[in-house]
There are 2 protein chains.
Amino acid sequence: MSRDSRLARMAHVLVHMACNHGAATSDVIARMLSTNPVVVRRTMAGLRDRGIVTSEKGPRGGWRLTRPLEELTLLDVHRALETVSVFTIGPTADHPECPVEHLANQAIVGALAQAGTALEAALAQVRLSDILAEGQALRAARDADGPHVCPNTARGAWS
Amino acid sequence: MSRDSRLARMAHVLVHMACNHGAATSDVIARMLSTNPVVVRRTMAGLRDRGIVTSEKGPRGGWRLTRPLEELTLLDVHRALETVSVFTIGPTADHPECPVEHLANQAIVGALAQAGTALEAALAQVRLSDILAEGQALRAARDADGPHVCPNTARGAWS
DNA sequence: TTGAATCGTAACAGTGAAAGTTACGAACAA
DNA sequence: TTGTTCGTAACTTTCACTGTTACGATTCAA
């Protein structure tokens, strides 16, 4: 699972988890994401530390949501993933004594801060329940069989 | 020169270039940035393609600014560097047919677009001439010898 | 015309961060 | 007790990017 797609993939997983009874094992999630159970555990650990999910060991164990999707935004998930930096660009530190470098750094850091604020504001406006509801609507409109309880999981399949 | 610091470093270089007579060779710039002349050429090539600098071969050749710093913003430099993506996060493409994934992607791409717009707006407001002027002011206030023509380049040194 | 300086660029090596993998211990339920 | 599942350390693999080498093309000056 590439680092830059963790937010999208975890959001996807959480929505489907809300539609399925019982816990989702790391193994099942890993197959859904074409990756390894250990990678799933590493990633989900951040969500657990933030109180978004809980984990249980042993048979019938796995991962469970702790709250309804109405109380979860993309920003919550994003923060739980503890991305080191959202940006690929940043300041430099070659000539700490040079006022030119210092001012250039300052301008760049300021611009990134503004962008970061805009990003968080936008992510905070998206609840996972919105994604589920719109997904169900899309599915209902598209599917001749009528609406399912959960998109793509009518027969318990994860996709 | 790490990818994420190219904007800061190139802005720094351009400001100093504006203060020095003659062309700056890739070799001199490379020493300033503690990197390799080939890396400098690769990076400056983007600025040349955007018409920000010109290059000349042969003795006394090197890199020259094509316009005054008043007509150059951080956004101009940023665009010239052709950064693949400013963000470390992005959408996924695992389940193209799943409406949940599609909507999550859409929300994330939308949030990133808003952040990108904010970033570009902030970078566009910073002219390189502002950085030079403020740098000179800082230097003058700090330096007992009084103001220099160019910060850190009183004796032609690049720093 | 020759030679030094300089950019242009291809090709390859080196680096580093993150994902993927293996292995094994701990907890839990039947 | 046995099988399931998470927790985590340790290692390998991968990938993108920088760094490096090499060589050709161009330009200037003697």
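The sequence lines fix the lettering, A, B, ..., with proteins before strands; numbering per chain opens at 1.
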B:W63 has its side chain closest, among C:dA19, D:dC6, C:dG8, to C:dG8
Taking for each residue the nucleotide of DNA chain D with the nearest heavy atom, is it A:P37 or B:T35 whose nucleotide lies nearer the 5' end?
A:P37
Rounded interatomic separation in angstrom, taking CG from A:N36 and P from D:dT8
16 Å
Atom CG of B:D4 to atom C1' of C:dT15: distance rounded to whole Å?
15 Å
d(CD, A:E82; C1', C:dA18) in whole Å
16 Å
Just the rounded figure in Å: distance from P of D:dG19 to CZ of B:R31.
16 Å
Check whether any side-chain heavy atom of A:Q106 sits under 4.5 Å from a side-chain heavy atom of A:V109, and report yes or no.
no
Distance from A:L7 atom CG to A:T43 atom OG1, nearest 0.5 Å?
12.0 Å
B:R41 or B:S34: which one's nearest nucleotide on DNA chain D is closer to the 5' end?
B:S34
Short side-chain N/O contact from B:S55 to OP1 or OP2 of C:dC7, under 4.0 Å
no
In terms of side-chain geometry, is the basic nitrogen of A:E70 or A:R127 positioned less than 4.0 Å from the acidic oxygen of its partner?
no
C:dC7 P sits how many Å from B:M44 CE, rounded?
9 Å
Closest to the B:V38 side chain, choosing from C:dA10, C:dA19, D:dG19:
C:dA10
Can you find a pair of side-chain heavy atoms, one from B:H12 and one from A:C98, that are under 4.5 Å apart?
yes
Using rotation axes that map the C1' atoms of four end pairs onto the next four (five pairs an end), what angle separates the end axes of the helix from C:dT1-D:dA30 to C:dA30-D:dT1, to 10°?
0°
Using whole Å, what does the distance between atom P of nucleotide D:dG7 and atom CG of A:L47 come to?
12 Å
Does the side chain of B:T83 come within less than 4.5 Å of B:H78's, by heavy atoms?
yes
Can you find a heavy atom in the side chain of B:L33 that is under 4.5 Å from one in the side chain of B:M10?
yes
Could you tell me the separation between the CD1 atom of A:I89 and the OG1 atom of A:T92, rounded to the nearest 0.5 Å?
12.5 Å
Can you give one letter per nucleotide of nucleotides 24-30 of chain D, 5' to 3': B if a protein heavy atom sits under 4.0 Å from the base, S if only from the sugar-phosphate, - if neither?
--BBB--
In whole angstrom, what separates A:R42's CZ from C:dA23's P?
16 Å
Tell me whether the OP1 or OP2 atom of D:dG7 has a side-chain N or O from A:R48 closer than 4.0 Å.
yes
To the nearest angstrom, the CG-P distance between B:D49 and C:dG8 comes to 10 Å
Taking the side chain as everything from C-beta on, heavy atoms only, tell me whether B:L103 gets closer than 4.5 Å to A:V15.
no
On the nucleotide D:dC6, are OP1 or OP2 found under 4.0 Å from the side-chain N or O atoms that A:T25 carries?
no
Salt-bridge contact B:D94-A:R9 (side-chain N to carboxylate O under 4.0 Å):
yes
Quick one: does A:M17's side chain get under 4.5 Å of A:L14's, heavy atoms only?
yes
